[in-house]
Number of protein chains: 2
Amino acid sequence: MSPPLSPVRTRNAAATRTAILEAARRRFAHEGYDQTGLRDIAGDAGVDAALISRYFGGKDELFAEVLACSPNIAEFLEGDREGFGERVAQVLAVEPMREEKFELFLIMLRSVSSPKAAETIRIHSQQAFFQPLQDWLGDKDAAVRARLLSCVMMGATMNRMIHEDFLLDDQQRRELCAGLARTLDHYVSGEI
Amino acid sequence: MSPPLSPVRTRNAAATRTAILEAARRRFAHEGYDQTGLRDIAGDAGVDAALISRYFGGKDELFAEVLACSPNIAEFLEGDREGFGERVAQVLAVEPMREEKFELFLIMLRSVSSPKAAETIRIHSQQAFFQPLQDWLGDKDAAVRARLLSCVMMGATMNRMIHEDFLLDDQQRRELCAGLARTLDHYVSGEI
DNA sequence: GAGCCATGTCATCAGTTGGTGACTTCTAGG
DNA sequence: CCTAGAAGTCACCAACTGATGACATGGCTC
């Protein structure tokens, strides 16, 4: 899919590891765990496929590593509370899906169906998504509100995965974004 | 997974077809398109795997047939408008996931990652989910509101797929249900 | 410069998958 | 009762997957 990252300097373990990790992240985000082959990743990274098993142990471990080093929800929690809904909704509904901020979502949602990835995803989504969100909300109903927030966020992503803005013009997309933002802010402010 | 449906009366084309279709529906809902093998389905249906290709042409066609004959959104659209949120939220958050009403969602969400299934899903979700919902809403913003509704519905399903009511007690589940119902009804009544 | 270990390459394995065609067996219609 | 065709069975293929171990080679240390 993409050319080798550093054709000039081969035989550099750190660079190779990084290249594999990045290629894997893109692949997992675009095709999901099952559809991504070790050879695909290796090809993108410009690396022999055998190296992946050597560096990471196996596909599962590579997947876990990718999840661990991907940007999580924290980014959205920075900034003022009132702007949360708008910030998130922008990413969910208007910004291009290629955006990095999106990738963790895509990786998780595209790979849940695979049993080997499912457990890893559950643990990671709890640690790097749910718990921070819940802590950020702070109040007593935090667990339920975090769940509600994630319903909307995941649902929006899912929806976009299925029909990519199919049949929705710019105006409608803005309305969709506004609706999402409003609902998210409702949950944040505690009005379940 | 389950014993043959009719061991007494073999050599019945219609029964065999139905058995395959039902086994496939269960499998696709529980494991998704990729993780489901023709041999798994055949085993559940108590049928030789070769028959599937013979009856349906291939895995893709079988999948399309399963989607086509699964119960769709229409069931939820019956009844009064005010009760919509509650009806749906009940299924999404409190009723057991084994429910048949759930299966179409699960099939779609667990199989989007597979390219072969994705196109079929897109078409079918448009025909059997989106369009009816949009028509039912009726107003001008119907397209956007339908999208918002499906965000919440799919998101709730997705959430449940990832951590099955993990860490949520009965009281919290009721709150979650109430929150979902409220949001859904907001969208139905036009308050985006 | 020699030696050694980390790094990278290659061929290959075993398992699984969807799919196909030749074969057997049952049943309906004459 | 007998035959024709439907229904079901079986063996097998080609493609792909993740993974492994033997081998080649580069680059650092002494």
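So you know, we letter chains A, B, ... as the sequences are listed, proteins then strands, and number each from 1. Bear in mind the structure is a predicted one, so any value in this text is a computation, not a measurement.
In this entry the distance linking CG of Asp40(B) with P of dT17(C) reads 6 Å, nearest Å. Note: CG (Asp48(B)) to C1' (dT24(C)) measures 13 Å, nearest angstrom. When the P atom of dG8(D) is taken as reference, atom CG of Leu38(B) falls 16 Å away, rounded to whole Å. Atom C1' of nucleotide dA15(D) and atom NZ of Lys116(B) are separated by 11 Å, given to the nearest angstrom. We find that CD1 of Ile52(B) is positioned 15 Å from C1' of dA7(D), with the value rounded to whole Å. The CZ atom of Arg54(B) sits 11 Å away from the P atom of dT20(C) (whole-angstrom rounding). Taking atom NZ on Lys59(B) and atom P on dT16(C), their separation rounds to 15 Å, with Å as the unit. Atom C1' of nucleotide dG19(C) and atom CZ of Phe56(B) are separated by 16 Å, given to the nearest angstrom.
For the pair Gly57(A) and Val47(B), nearest-nucleotide mapping onto DNA chain D gives the more 5' position to Val47(B).
With respect to the salt-bridge test (charged N to carboxylate O, under 4.0 angstrom), the residues Asp185(A) and Arg81(A) do not qualify. For Arg27(B) and Glu22(B), the salt-bridge test fails: no basic side-chain N is under 4.0 Å from an acidic carboxylate O.
The backbone N or O of Asp169(A) sits less than 3.5 Å from a side-chain atom of Gln172(A), completing a donor-acceptor pair. Here the side chain of His124(B) pairs no donor or acceptor atom with the backbone of Thr120(B) at under 3.5 angstrom. Side-chain atoms of Thr157(A) come within 3.5 Å of backbone N or O of Met153(A) as a donor-acceptor pair.
For the helix from dG1(C)-dC30(D) to dG30(C)-dC1(D), the axis fitted to the five pairs at one end and the axis fitted to the five pairs at the other end meet at an angle of 10° (nearest 10 degrees).
A cation-pi arrangement is found for Lys59(A) relative to Tyr33(A), the charged atom lying closer than 6.0 Å to the ring centre and inside a 45° cone about the ring normal.
Within 3.5 Å, no donor on the side chain of Arg39(A) pairs with an acceptor on the base of dT17(D), nor the reverse.
At dA7(D), none of the side-chain N or O atoms of Tyr55(B) fall inside 4.0 Å of OP1 or OP2 (strictly under the cut-off). Phosphate proximity of dG8(D) to Thr16(B): present, with a side-chain N or O under 4.0 Å from OP1 or OP2.
Set against dT20(D), dA22(D), dT9(D), the side chain of Ala50(A) has dT20(D) as its closest nucleotide. Here the side chain of Arg11(A) is nearest to one of dT20(C), dT7(C), dC10(C), namely dT7(C). When each of dA19(D), dG8(C), dC10(C) is scored by its nearest atom to the side-chain atoms of Leu51(A), the top-ranked nucleotide is dG8(C).
Each of Tyr187(B), Phe130(B), Phe84(B), Phe76(B) was scored for a ring-ring contact (aromatic ring centres under 6.0 Å, His included) with Trp136(B), with one residue passing: Phe84(B).
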